[in-house]
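Both ligands and their constituent atoms are indexed starting at 1 by order of listing. Nothing here was measured: the structure is a model prediction, and the numbers come from that model.
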Amino acid sequence: MMAKEQQQSKNEKIYLFDSTLRDGEQTPGARLNYDEKIEVARQLARLNVDIIEAGFPISSPGELKAVKAIAREVKGPTICALARAVQGDIDAAAEAVKEAEKPRIHVFLGSSDIHMQYKLKKEPDVLLEQAVDAVKYARRFTDDVEYSPEDATRAREEYLYTLLEEVIKAGATVINIPDTVGYAVPEEFGSLIASLRENVPGMDKIILSVHCHNDLGLAVANSLEALKNGARQIECNINGIGERAGNAALEEIAVALRIRQNYFPYYTDLNFPEIYRTSRLVSKLTRIAVPVNKAVVGLNAFAHSSGIHQDGILKNKETYEIIDATLIGGKAAQMCLTARSGRAAVSDQLKKLGFSLSSEQLETIYTHFLELADKKKEMYPEDLEALALDHLSTTEPLYILDYLQTVSGSKSIPAAIIRLKKEDGSTFEEVAIGTGPIDSAYNAINKITGLSIGLDSYRINAVTQGRDALGEVQVKMSYQDKSIIGRGTSTDIIEASVKAYLNGLNKLLRINGYN
Ligand code: KIV
Ligand code: ZN
């Protein structure tokens, strides 16, 4: 037997029920159109979730049409549609999933006193009968019927025992316990699951499921605790999106089960390398950004910032990393360079960028890196590359920038004061005006050198991201019959422009034999 099969034969399978297209779509502002829903469903099939809850077909003709298309076109997972415990909803759900390879109808009805008394305004025994009738009716269309006693965590346990016994007898094949308002805490939720298994006859014939909301930030913890107490299906959503604070995040549950196999003797059939792609797709289409610190799929989930951590990671990844990003199809751990990063991390990043440096060169770059890192919150690899290219120029500069001040504004005449320094320590200062601060600075430099340099082109690029992005300026300059490219980078675009000009000027002067 293969290692994976051996492992699985010991462990029990957990069914992952994805409700991104139903509860997830209930996130304010997350509405998806027809094509987007199908695109997400196809990706969920690639991710190999067991069940896709594709929507709530009674809610609109467009929803019905989209769930129907998913049922017809998306193969692999069970396709499920939601219905209240009334015939009209069940008819719509049945119509929506009828072409699925494996159709499921999911029926729900309030079970707490609050829901029964205030929302449904019916007596518990009347509602119990309604639930039973609804399950029987749904079974006319499919053998796979899930029943959810809505708001179960605030319901009376005795009532749940009787209700669930009856809906199982009526033909429910999956019983799902929703923590609809995210009220439960792990130990309490686990013991509810355990007592339902103990006190509801017929529980051994069905799959017990949980559906946790995240109002107290406990959705994933509650779901995992439920598994320990006998649940075998978890309802969850990509990126944890969903009504209010969202639902349990699918990726967090799957990865927790995988990483802590020693604690959770279960497995899922999820195609892990598709996790990252699915997360990005859902975020893009729902227009809900993934928080940077989100477990498993956040931008920072695999980024190491402190110098001590970076040093540890370079010595052995396991010092500060329990998940390998490639498990979820993400990029390998990133050193996120900041002013706290040490030489080891900077040198490692430079090596990865293809620079092989002497220790002196490294020291030079590291000093400049610290200066820039103090100004920028974060240094991206592109920043470091730009910095290294800027400072490892093969020509020793004739002039370096010692001081720069510019004036600009809608009511002032653009002007610049520049002081340049030569290797021998001599300094040269000039003031000039121009069409703007950059033009003024270039004119001031020309006054210092006394040369008439042609500026053939000027280009600026943000080489990195964010408001404190590093600007890279590239200028094409010519003098006599020679023309060269000068480059400069800085978080200040005027400074970057002056550096680029000086870089070009120095090259031109060297080529022309100036000293
Ligand atoms: O949160 C909830 O109770 C639900 C049900 C429909 C399962 O979403
Ligand atoms: Zn829900």
Side-chain angles (χ1 to χ4, degrees), residues 15-28 30 49-59 63 67 78-86 88-90 92-93 96-97 104-116 118-120 127 130-131 134-135 138 144-155 159-160 163-164 167 172-184 189 192-193 196 206-220 222-223 226 231 233-250 253 286 288:
Y15 292 87
L16 290 176
F17 175 115
D18 181 279
S19 186
T20 305
L21 290 170
R22 199 278 296 168
D23 218 330
E25 222 215 1
Q26 286 173 220
T27 313
V49 301
D50 297 288
I51 302 108
I52 296 175
E53 187 165 50
F56 185 26
I58 195 72
S59 64
E63 179 85 344
V67 180
T78 294
I79 307 297
C80 174
L82 183 69
R84 285 167 299 184
V86 292
D89 281 34
I90 295 169
V97 295
R104 176 181 294 183
I105 297 177
H106 177 188
V107 177
F108 75 102
L109 184 60
S111 67
S112 63
D113 287 344
I114 305 174
H115 277 222
M116 293 192 285
Y118 296 105
K119 185 179 86 166
L120 302 165
L127 289 167
Q130 183 178 334
V135 169
D144 189 354
V145 172
E146 172 169 330
Y147 182 78
S148 288
E150 194 190 10
D151 202 20
T153 48
R154 293 191 299 166
Y159 179 66
L160 286 180
L163 168 68
L164 297 181
V167 291
T173 44
V174 179
I175 294 292
N176 176 50
I177 305 303
D179 182 21
T180 304
V181 290
Y183 179 71
F189 191 57
L192 171 65
I193 299 302
L196 292 175
I206 55 97
I207 291 182
L208 187 53
S209 165
V210 290
H211 173 112
C212 297
H213 278 269
N214 207 27
D215 299 67
L216 297 177
L218 294 170
V220 169
N222 285 337
S223 306
Q233 174 180 287
I234 295 194
E235 301 200 355
C236 42
N237 298 343
I238 301 296
N239 299 337
I241 61 171
E243 187 83 40
R244 304 182 311 283
N247 292 61
L250 182 143
I253 287 173
T286 57
I288 298 177

Where ligand 1 meets Glu150 - atom numbers and elements under 4.0 angstrom, heavy-atom basis:
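Answer, ordered by atom number: 3 (O).
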So if I count the atoms of ligand 1 from 1 in the order they appear, which ones are less than 4.0 Å from some heavy atom of Thr180?
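Every atom of ligand 1 under 4.0 Å from some heavy atom of Thr180: 1 (O), 2 (C), 3 (O).
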His213 contact mode with ligand 1 (heavy-atom cut-off under 4.0 Å):
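Looking at His213 and ligand 1, just side chain atoms fall under 4.0 Å.
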From [atom1] ([X]) to [atom2] ([Y]), nearest 0.5 Å:
| X | Y | atom1 | atom2 | answer |
| --- | --- | --- | --- | --- |
| Thr180 | Phe108 | OG1 | CZ | 9.0 Å |
| Phe189 | Ile177 | CZ | CD1 | 7.0 Å |
| Asn247 | Asp18 | CG | CG | 9.5 Å |

Do you see a donor-acceptor pair shorter than 3.5 Å between the side chains of Ser209 and Asn176?
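Yes, Asn176 and Ser209 have a side-chain donor paired with an acceptor closer than 3.5 Å.
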With a 4.0 Å cut-off on heavy atoms, does Gln26 reach ligand 1?
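No; Gln26 lies far enough from ligand 1 that no heavy-atom distance drops under 4.0 Å.
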I'd like to verify the contacts: list protein N, O or S atoms under a distance of 2.8 Å from the Zn ion (ligand 2).
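The answer, once waters are left aside, is Asp23 OD2, His211 NE2, His213 NE2.
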Within the structure, does His106 bring an N/O atom to less than 3.5 angstrom of an N/O atom in ligand 1?
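Such a contact does not occur with ligand 1.
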May I ask you to check if ligand 1 and Asp151 share an N or O to N or O distance below 3.5 Å?
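Not met; the criterion fails.
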Heavy atoms, side chains only, cut-off 4.5 Å: are [X] and [Y] in contact?
| X | Y | answer |
| --- | --- | --- |
| Asn222 | Leu216 | no |
| Ser19 | Asn237 | yes |
| His106 | Phe17 | yes |
| His213 | Asp23 | yes |

Are Arg22 and Glu235 within salt-bridge range, i.e. N to O under 4.0 Å?
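Salt bridge between Arg22 and Glu235, a charged N being under 4.0 Å from a carboxylate O: no.
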What protein heavy atom lies closest to atom 4 (C) of ligand 1? Include the residue and the distance to one decimal.
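Nearest neighbour among protein heavy atoms for atom 4 (C) of ligand 1, to 0.1 Å: His211 NE2, 3.5 Å.
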To which protein heavy atom is atom 6 (C) of ligand 1 closest, and what is the distance rounded to 0.1 Å?
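Going by distance alone, atom 6 (C) of ligand 1 is nearest to Arg22 NH2, 3.6 Å.
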